[in-house]
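Scroll down for the structure; my scribbles are underneath it.
Numbered from 1 within each chain, the chains take letters A, B, ... in sequence-line order.
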Protein chains: 2
Amino acid sequence: MADPAPVDLASLRRSCGHCSLRQLCLPAGIGAEDLARLDSLVRRRRPLKRDERLFHIGDASSSVYVARNGAFKTVSLSEGGDERVIGFHLPGELIGLDALVGGDHRCEAVALDGSDVCEVPFDELTDVAAQLPGLQRQLMRVIGQSILLDQEHVEMLSRRHANERIALFLHGLAERLQHIGQSPRQFRLAMSREDIASYLGLAIETVSRGFTRLQDDGVIAVAGRQVEVLDPAELARLAHGGEPQQPQPEQRRRA
Amino acid sequence: MADPAPVDLASLRRSCGHCSLRQLCLPAGIGAEDLARLDSLVRRRRPLKRDERLFHIGDASSSVYVARNGAFKTVSLSEGGDERVIGFHLPGELIGLDALVGGDHRCEAVALDGSDVCEVPFDELTDVAAQLPGLQRQLMRVIGQSILLDQEHVEMLSRRHANERIALFLHGLAERLQHIGQSPRQFRLAMSREDIASYLGLAIETVSRGFTRLQDDGVIAVAGRQVEVLDPAELARLAHGGEPQQPQPEQRRRA
DNA sequence: CGCGTCATTGAGGCTGCTCAAGCTATGTGG
DNA sequence: CCACATAGCTTGAGCAGCCTCAATGACGCG
């Protein structure tokens, strides 16, 4: 699938000022001087391949990360050694805030696709932010956004019915995709059904059946990881706790 | 009921330096000068009674709050107008970080007991923190702790079995109580069964049955809201996904 | 082309939700 | 001081939604 927003390769290599994600990382109030200071902090990491770890549990590096492209999942490992997905991260969304407390990561960040990542040492960031009020406020906003994503996850897991969780997941994902300039109607899931199931606290089969059900009801068209939202309003209604309605017996819609 | 930790009333009225929660709010690295600056920011609110709101959804005040005593719950209101408990806050734990993004609160904070609360305007706090590196780092630590609490909530909700969620809830609560200097073995729940059920995504009856089950198994003794942990090790084991008593051949997958 | 991974679909059992009835503690008025 | 009322918690019975187990189908890769 072609990238809808081709990026200037030269600018990819350097400078937050030219980064395609600038509006995401630094929405407003960042002057030229601030940018230069910020640039000096940011480290580019070598591109990660699929399934590679950005960091592991216990890693001491107290940095935060932002993916420029590709997607990540963060997973926590429970006693049995089995992974539990606690978050998905699209380009421009912060990764690694969990190390903010003890300085060591409580979860692992796994690339779901090939990815280019920026790393920002947190201590240096806060030091510089302390001298640049604009950056300071922006930092707080980004942290707040991260907190909000956590709360949306809680919101999902609080739903009693599997279909509500799934609808809310798709709805939220579409919103986030739109926010980074991609189509909220047609997209390819970067994560497996197993990842989704873990994230939603469901069995993988239940997720599969939920997708099928949404398709039968004419809300989405799904083929593997390719998803098309046919009825955004209905999807939003389901996500917010509405009962599935069938005034139009329009089952059996296929792509 | 007698307060187990009597507090000097004079110090309650003023000064973070003399606050009984100082070690919680400001664990380390805060000098005398920093304290004075911080003090100047903190506003004391009139004491809240049970069921009173600290703030409502949509409130514009961009402040964070810390309870000195008493406990709070934060709830989000879904479409139907029914509350959903998204967090419990013990003395010393931050409340109101959700307003960090848009400047308006996404949830309500409700007092579970009579409470004295400190309010800190967030913009002023970050401004002062920018000039005091010690305070800046401490602020990040406290925010990180708040994020960790959210992730523990996710951890609870991810558990498939009701009894695991309940054990994890009690275990986590005991840890937090110990952290603020109260007994992790004997305590009184500030929240109702309904609050717990909402927080854990369960029916109220399931919570009640879960408590009874833990009591029958000799793990806790429970009478209404009074709880005594009889077997902390077993509670921890259950909280971490252990089966009650079934010796089961564990599959260990090694890398 | 065969293999492995991932996704879908089916059948059956069990956990947890719903509905409903007691129980206990606290408070209120006679 | 006791009868009553109310709210919160516990307990029981029955049903349904989800998980488990199992088999098949679809795809990508060597």
Mind calculating the distance between [atom1] ([X]) and [atom2] ([N]) to the nearest angstrom?
{"X": "I166(B)", "N": "dT15(C)", "atom1": "CD1", "atom2": "P", "result": "14 Å"}
{"X": "Q215(A)", "N": "dA7(C)", "atom1": "CD", "atom2": "P", "result": "15 Å"}
{"X": "L214(B)", "N": "dT10(D)", "atom1": "CG", "atom2": "C1'", "result": "15 Å"}
{"X": "R159(B)", "N": "dT15(C)", "atom1": "CZ", "atom2": "P", "result": "18 Å"}
{"X": "R213(A)", "N": "dC18(D)", "atom1": "CZ", "atom2": "P", "result": "10 Å"}
{"X": "Q226(B)", "N": "dG8(D)", "atom1": "CD", "atom2": "C1'", "result": "16 Å"}
{"X": "F211(A)", "N": "dC6(C)", "atom1": "CZ", "atom2": "P", "result": "16 Å"}
{"X": "R188(A)", "N": "dA7(C)", "atom1": "CZ", "atom2": "C1'", "result": "13 Å"}

Residue A203(B), side-chain atoms from C-beta onward, closest of dT18(C), dC19(D), dC9(D):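 Per side-chain heavy atoms of A203(B), the pick is dT18(C).
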Side chain of T212(A) - closest among dC19(D), dT8(C), dC9(D):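 Closest nucleotide to the T212(A) side chain: dT8(C).
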Nucleic acid footprint by protein, nucleotides 22-27 of chain C - heavy-atom cut-off 4.0 Å, B for base, S for sugar-phosphate alone: ------
Base-contact (B) and sugar-phosphate-only (S) positions in nucleotides 21-30 of chain D, heavy-atom cut-off under 4.0 Å, - elsewhere: BB--------
Geometric class of the H105(B)/Y65(B) ring pair [parallel <30°, tilted 30-60°, perpendicular >60°]: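 Taking H105(B) first and then Y65(B), their aromatic rings sit tilted (interplane angle of 30° to 60°).
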Sugar-phosphate only, base, or nothing, as touched by G210(A) at under 4.0 Å among non-hydrogen atoms: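 The answer is nothing, as G210(A) stays clear of every strand by at least 4.0 Å.
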Sugar-phosphate only, base, or nothing, as touched by I204(A) at under 4.0 Å among non-hydrogen atoms: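 Touches nothing.
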Any non-hydrogen side-chain atom of [X] less than 4.5 Å from a side-chain atom of [Y]?
{"X": "V66(B)", "Y": "L94(B)", "value": "yes"}
{"X": "I196(B)", "Y": "L189(B)", "value": "yes"}
{"X": "F169(A)", "Y": "L202(A)", "value": "no"}

Option from L173(B), L112(B), L149(B) for which side-chain contact (heavy atoms from CB on, under 4.5 Å) with F88(B) holds: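 Single side-chain contact (heavy atoms from CB on, under 4.5 Å) partner of F88(B) among L173(B), L112(B), L149(B): L112(B).
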For C107(B), the option from V75(B), L77(B), I86(B) that meets side-chain contact (heavy atoms from CB on, under 4.5 Å):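 So the option named by the test is I86(B).
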Just the table, please: protein N/O against nucleotides 15-17 of chain D N/O, every pair under 3.5 Å.
none

May I ask you to decide whether [X] forms a salt bridge with [Y], counting only side-chain N to carboxylate O separations under 4.0 Å?
{"X": "R45(A)", "Y": "E52(A)", "answer": "no"}
{"X": "E205(A)", "Y": "R209(A)", "answer": "no"}
{"X": "R106(A)", "Y": "E155(B)", "answer": "no"}

S208(B) vs dT10(D): side-chain N/O to OP1/OP2 distance below 4.0 Å: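 For dT10(D), OP1 or OP2 has a side-chain N or O of S208(B) closer than 4.0 Å.
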Pairwise distance CG(L168(B)) to CG(L238(B)) - rounded to 0.5 angstrom: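 Between atom CG of L168(B) and atom CG of L238(B) there are 10.5 Å.
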Donor-acceptor pair, side chain of S158(A) and main chain of V154(A), under 3.5 angstrom: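 At least one qualifying donor-acceptor pair exists.
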Polar side-chain atom of R159(A) near backbone of A239(A) as donor-acceptor pair, under 3.5 Å: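 Between the backbone of A239(A) and the side chain of R159(A) there is a qualifying donor-acceptor contact (under 3.5 Å).
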